[in-house]
Chemist: 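Here it is, the structure in full.
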Amino acid sequence: MRYLVTGGAGFIGSHLCERLLADGHEVICVDNYYTGSRQNIRHLLSHPDFEVLRHDVTFPLYVEVDRIFNLACPASPIHYQNDPVQTTKTSVHGAINVLGLAKRIHARIFQASTSEVYGDPLVHPQTEDYWGNVNPIGLRACYDEGKRCAETLFFDYWRQHRLEVKVARIFNTYGPRMHPNDGRVVSNFIVQALKNQPITIYGDGSQTRSFCYVDDMIEAFLRLMDTPASITGPINLGNPSEYTIREIAEIIIEEIGASSELTFQPLPSDDPKCRRPDITQAEDVLDWHPTIPLREGLQRTIAYFEAKLSKGTI
Ligand code: NAD
Ligand code: UDP
């Protein structure tokens, strides 16, 4: 099959392109390199079934494919808050453009939505029927509300045009090819620990997150894409093992054997206090459960950043 992956040069997108090619598919990767890089897909560039287009999804796109994965959007708080208007445009105009494309070519389309649609959740763990607790005018709103509006568009295209949609609510995902300066907790803590620098905990570190290794996430993407047309989602994808941010710092220090100390900095506004997916639906519908334990995933991620540090590229 021929796939379009928007945001294909990003962290998750590059793993998705790699897996689709390994499974024997053709892949068109679309990216404007806002947060992704050619480096992430350099090893794929000579593959005969791989094609790259530098393109911004806020503008219409004309290609012929069987299936579309829509991942284009900066994902880390620092990156999406850097140009919030562009973030909302990417989510909303981007969704309108890829949905229009899918409608024209009758392609099945997957949306990379997010646990951020639940905001600072009042239901724990988060189930798909929870409508969320999002501040619509806060610093995170450009991303949260952009992604919520994209979900609205996907379901309206499904109801109005019978488009085959698959909406995944992705929880915190980590692994090799995370951007070293994206400010996310796993990349920050690993780079700080590898340099024996202080580990920057925002707030008192009691807020929680649940981290899924990227290979597990990609497996879930492919299973969801292959479900019958009646399965639309939204469906939570993530690893339900929940950790406080302080615990994550301690585990990373231990895995690296670093001498870093913990430092405490102010908590960013609207930072969710807890996050853990209820993945009952993913288990039932996709027969999927994450398989890679946190420490193993962290070891692979640490090896990636260690290699980059030793080459002097971060
Ligand atoms: P990333 O920033 O590494 O990748 C996003 C990619 O989209 C980058 O390559 C970027 O250059 C590209 N992009 C951004 N704006 C674009 C535009 N206007 N046109 C074309 N390309 C554009 O982030 P990621 O972690 O790989 O996230 C991928 C997707 O998964 C995003 O949609 C994100 O919202 C979603 N998601 C990720 C996580 C996570 O923990 N990583 C969690 C929830 C949802
Ligand atoms: N965080 C932290 N120190 C850092 C980076 C992040 O304590 O150097 C915290 C952040 O405040 C949040 C959690 O770690 O509570 C996860 O942050 P991240 O940006 O990775 O993802 P998100 O908040 O979008 O889940």
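One-based numbering, in listed order, for ligands and for the atoms of each.
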Chemist: Pull out every atom of ligand 1 sitting under 4.0 Å from any heavy atom of Thr114, numbered as shown with elements.
Modeler: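 Answer, ordered by atom number: 43 (C), 44 (C).
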Chemist: Which protein heavy atom lies closest to atom 29 (C) of ligand 1, and at what distance to 0.1 Å?
Modeler: Leu71 O, 3.3 Å
Chemist: Keeping Glu283 on the side-chain end and Trp288 on the backbone end, is there a donor-acceptor pair under 3.5 Å?
Modeler: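 Not at all, since once roles are kept as given, no pair shorter than 3.5 Å links the two residues.
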Chemist: Quick one: look up the protein heavy atom nearest atom 10 (C) of ligand 1 and list residue, atom name and how far away it is.
Modeler: Thr35 OG1, 3.1 Å
Chemist: Please determine whether any non-hydrogen atom of Arg169 lies less than 4.0 Å from an atom of ligand 1.
Modeler: no
Chemist: Using non-hydrogen atoms of the residue, decide whether Tyr143 is closer than 4.0 angstrom to ligand 1.
Modeler: yes
Chemist: Got a donor-acceptor contact below 3.5 angstrom from the Asp56 side chain to the Asn32 backbone?
Modeler: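 Such a contact is absent between Asp56 side chain and Asn32 backbone.
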Chemist: Give the numbers and elements of all ligand 2 atoms closer than 4.0 Å to a heavy atom of Asn172.
Modeler: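 Listed by number with element, the hits are 21 (O), 22 (P), 25 (O).
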Chemist: At under 4.0 Å between heavy atoms, which part of Gln265 makes contact with ligand 2: side chain, backbone, both or neither?
Modeler: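 For Gln265, there is no contact with ligand 2 at all, from either part.
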Chemist: I'd like to know if Glu151 and Arg148 make a salt bridge, using a cut-off of under 4.0 Å between side-chain N and carboxylate O.
Modeler: no
Chemist: Identify, for atom 16 (C) of ligand 2, the protein heavy atom at the shortest distance, and state residue, atom and that distance.
Modeler: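 It is Arg209 NE, 3.7 Å.
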Chemist: Can you label the angle between the Phe211 ring and the Tyr174 ring as parallel, tilted or perpendicular, going by 30° and 60°?
Modeler: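 Plane angle over 60°, so perpendicular.
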Chemist: For Lys103 and Arg162, indicate whether the former's side chain and the latter's backbone hold a donor-acceptor pair under 3.5 Å.
Modeler: no
Chemist: Quick test of your reading of the structure: of Lys147, Arg184, His55, Arg209, whose heavy atom lies closest to atom 32 (O) of ligand 1?
Modeler: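 When every heavy atom of Lys147, Arg184, His55, Arg209 is considered, Lys147 comes closest to atom 32 (O) of ligand 1.
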Chemist: What orientation do Trp158 and Phe155 show, parallel under 30°, tilted 30 to 60°, or perpendicular over 60°?
Modeler: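 Geometry flag for Phe155 against Trp158: perpendicular rings.
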Chemist: Which one holds for Ile199 and ligand 2: side chain close, backbone close, both close, or neither close, with close meaning a heavy atom under 4.0 Å?
Modeler: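 Neither; no heavy atom under 4.0 Å.
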Chemist: Check whether any N or O atom of Ile170, backbone or side chain, sits under 3.5 Å from an N or O atom of ligand 1, and answer yes or no.
Modeler: no
Chemist: Give yes or no for whether the N/O distance cutoff of 3.5 Å, strictly under, is met between Pro74 and ligand 1.
Modeler: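 Not met; the criterion fails.
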Chemist: Using a 4.0 Å heavy-atom cut-off, say whether Tyr33 meets ligand 1 through its side chain, its backbone, both or neither.
Modeler: backbone
Chemist: Tell me whether Ala9 reaches ligand 1 (any heavy atom closer than 4.0 angstrom to a ligand atom).
Modeler: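 So Ala9 counts as touching ligand 1.
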Chemist: Could you identify the single nearest non-hydrogen protein atom to atom 11 (O) of ligand 1 and state the distance to 0.1 Å?
Modeler: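 Answer, as residue, atom name and distance: Asp31 OD1, 2.6 Å.
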Chemist: Is there a nitrogen or oxygen of Thr173 sitting under 3.5 Å from a nitrogen or oxygen of ligand 1?
Modeler: yes
Chemist: For ligand 2, is any non-hydrogen atom under 4.0 Å from His79's backbone (N, CA, C, O), its side chain (CB onward), both, or neither?
Modeler: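 Answer for His79: neither.
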Chemist: Which ligand 2 atoms does Glu116 reach within 4.0 Å, using its non-hydrogen atoms?
Modeler: 24 (O)
Chemist: With a 3.5 Å distance limit and no angle check, can you tell me whether Thr232 reaches the backbone of Ser230 through a side-chain donor-acceptor pair?
Modeler: no
Chemist: Donor-acceptor pair, distance only, cut-off 3.5 Å: does the side chain of Thr6 make one with the backbone of Val30?
Modeler: no
Chemist: Between Arg108 and Asp226, is there a salt bridge with N-O shorter than 4.0 Å?
Modeler: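 Salt bridge flag = no for Arg108 with Asp226.
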Chemist: Are Arg140 and Glu116 close enough for a salt bridge, meaning some N to O gap below 4.0 Å?
Modeler: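 Salt bridge present between Arg140 and Glu116.
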Chemist: Give the atom numbers and elements of ligand 2 that come within less than 4.0 Å of a heavy atom of Asn188.
Modeler: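 Checking each atom against Asn188, I get 4 (C), 5 (C), 8 (O).
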Chemist: What protein heavy atom sits nearest atom 26 (O) of ligand 1, and how far away is it?
Modeler: Ile12 N, 2.8 Å
Chemist: Tell me whether ligand 1 is touched by Asp56 - counting only heavy atoms on the residue side and a distance under 4.0 Å.
Modeler: yes
Chemist: Which option, Ser113, Ala75, Gly146, owns the non-hydrogen atom nearest atom 24 (P) of ligand 1?
Modeler: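 That would be Ala75.
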Chemist: For atom 30 (O) of ligand 1, what's the nearest protein heavy-atom neighbour? Residue, atom name and distance, please.
Modeler: Ala112 CB, 3.8 Å
Chemist: Would you mind listing which atoms of ligand 2 come within a distance below 4.0 Å of any non-hydrogen atom of Ile201?
Modeler: 7 (O)
Chemist: For ligand 1, which atoms have a heavy atom of Asn172 less than 4.0 angstrom away?
Modeler: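 So the answer, numbered in order with elements, is 40 (O).
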Chemist: Given 3.5 Å as the limit, does a donor-acceptor pair link the side chain of Asn70 with the main chain of Gln111, or not?
Modeler: no
Chemist: Is the closest N or O pair between Asn70 and ligand 1 shorter than 3.5 Å?
Modeler: no
Chemist: Using a 4.0 Å heavy-atom cut-off, say whether Val185 meets ligand 2 through its side chain, its backbone, both or neither.
Modeler: both
Chemist: Given the rule that I, L, V, M, F, W and Y join up when any side-chain heavy atoms are under 4.5 Å apart, are Val65 and Ile96 in one cluster?
Modeler: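 They do share one cluster, since a chain of ILVMFWY contacts under 4.5 Å joins Val65 to Ile96.
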Chemist: Considering only heavy atoms of Pro77, which atoms of ligand 2 have at least one such atom less than 4.0 Å away?
Modeler: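 Contacts of ligand 2 toward Pro77, numbered from 1: 19 (O), 24 (O).
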Chemist: For the residue pair Phe69 and Phe221, does the interplanar ring angle fall in the parallel (under 30°), tilted (30 to 60°) or perpendicular (over 60°) class?
Modeler: parallel
Chemist: Are side-chain N/O atoms of His79 and Gln81 paired as donor and acceptor at under 3.5 Å?
Modeler: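 No, no side-chain donor-acceptor pair sits under 3.5 Å.
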Chemist: Applying side-chain contact (heavy atoms from CB on, under 4.5 Å), run through Leu294 and Ile248 and close with a yes or a no.
Modeler: CA-CA 9 Å; Leu294 180 71; Ile248 293 294; 3.8 Å; yes
Chemist: Residue-level breakdown please: for Thr200 versus ligand 2, do any non-hydrogen atoms fall below 4.0 Å on the side chain, on the backbone, on both, or on neither?
Modeler: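 For Thr200, backbone and side-chain atoms both sit under 4.0 Å from ligand 2.
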Chemist: Is there a heavy atom of Ser76 sitting under 4.0 angstrom from any atom of ligand 2?
Modeler: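 Per 4.0 Å heavy-atom rule, Ser76 does not contact ligand 2.
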Chemist: Please report which non-hydrogen protein atom sits nearest to atom 19 (N) of ligand 1, along with the residue it belongs to and the distance in Å to one decimal place.
Modeler: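 Sorting protein heavy atoms by distance from atom 19 (N) of ligand 1 puts Val57 N, 2.9 Å first.
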Chemist: Show me which atoms of ligand 2 lie under 4.0 Å from any heavy atom of Arg140.
Modeler: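 Once the distances to Arg140 are compared, the set is 22 (P), 23 (O), 24 (O).
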Chemist: Would Arg2 and Glu64 pass as an ion pair if we require N to O under 4.0 Å?
Modeler: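 Glu64 and Arg2: not salt-bridged.
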Chemist: Could you check whether any side-chain N or O of Ser113 sits under 3.5 Å from a backbone N or O of Val167, counting only pairs where one atom can act as donor and the other as acceptor?
Modeler: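 Side chain of Ser113 to backbone of Val167, a donor-acceptor pair under 3.5 Å: no, none is there.
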Chemist: Is there a chain of hydrophobic side chains (I, L, V, M, F, W, Y, each step under 4.5 Å between heavy atoms) that links Leu71 to Ile41?
Modeler: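 Linked, Leu71 and Ile41 end up in one cluster.
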Chemist: Quick check: does any side chain N or O of Arg295 sit under 3.5 Å from a backbone N or O of Glu255, one acting as donor and the other as acceptor?
Modeler: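 Not confirmed, Arg295 side chain does not pair with Glu255 backbone.
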Chemist: Could you list the atoms of ligand 2 found under 4.0 angstrom from a heavy atom of Asp271?
Modeler: 10 (C), 11 (O), 12 (C), 15 (O)
Chemist: Purely on distance, is any nitrogen or oxygen of Asn32 under 3.5 Å from one on ligand 1?
Modeler: yes
Chemist: I'd like to check which ligand 2 atoms, numbered from 1 as shown, lie under 4.0 Å from a non-hydrogen atom of Arg275.
Modeler: 22 (P), 25 (O)
Chemist: For the atom pair CG (Asn40) and NE2 (His43), what is the distance rounded to the nearest 0.5 Å?
Modeler: 8.5 Å
Chemist: For atom 15 (N) of ligand 1, which candidate among Asn97, Val30, Asp182, Thr90 provides the closest heavy atom?
Modeler: Thr90
Chemist: Starting from atom 3 (O) of ligand 1, find the nearest protein heavy-atom neighbour and note its residue, name and distance.
Modeler: Phe11 N, 2.9 Å
Chemist: Under 6.0 Å from the CZ atom of Arg38, do we count more than 12 heavy atoms belonging to anything else shown?
Modeler: no
Chemist: Taking 4.0 Å as the limit for heavy-atom contacts, which would you say applies to Arg184 with ligand 2: side chain only, backbone only, both, or neither?
Modeler: both
Chemist: Which is closest to atom 7 (O) of ligand 1 in terms of heavy atoms, Gly8, Cys73, Gly13, Gly10?
Modeler: Cys73
Chemist: Quick check on the hydrophobic clustering: are Tyr118 and Trp131 connected, directly or via other members, by side-chain heavy-atom contacts under 4.5 Å?
Modeler: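 Not linked; separate clusters.
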Chemist: Below 3.5 Å, N or O to N or O, backbone or side chain included: is there any such pair between Ala72 and ligand 1?
Modeler: no
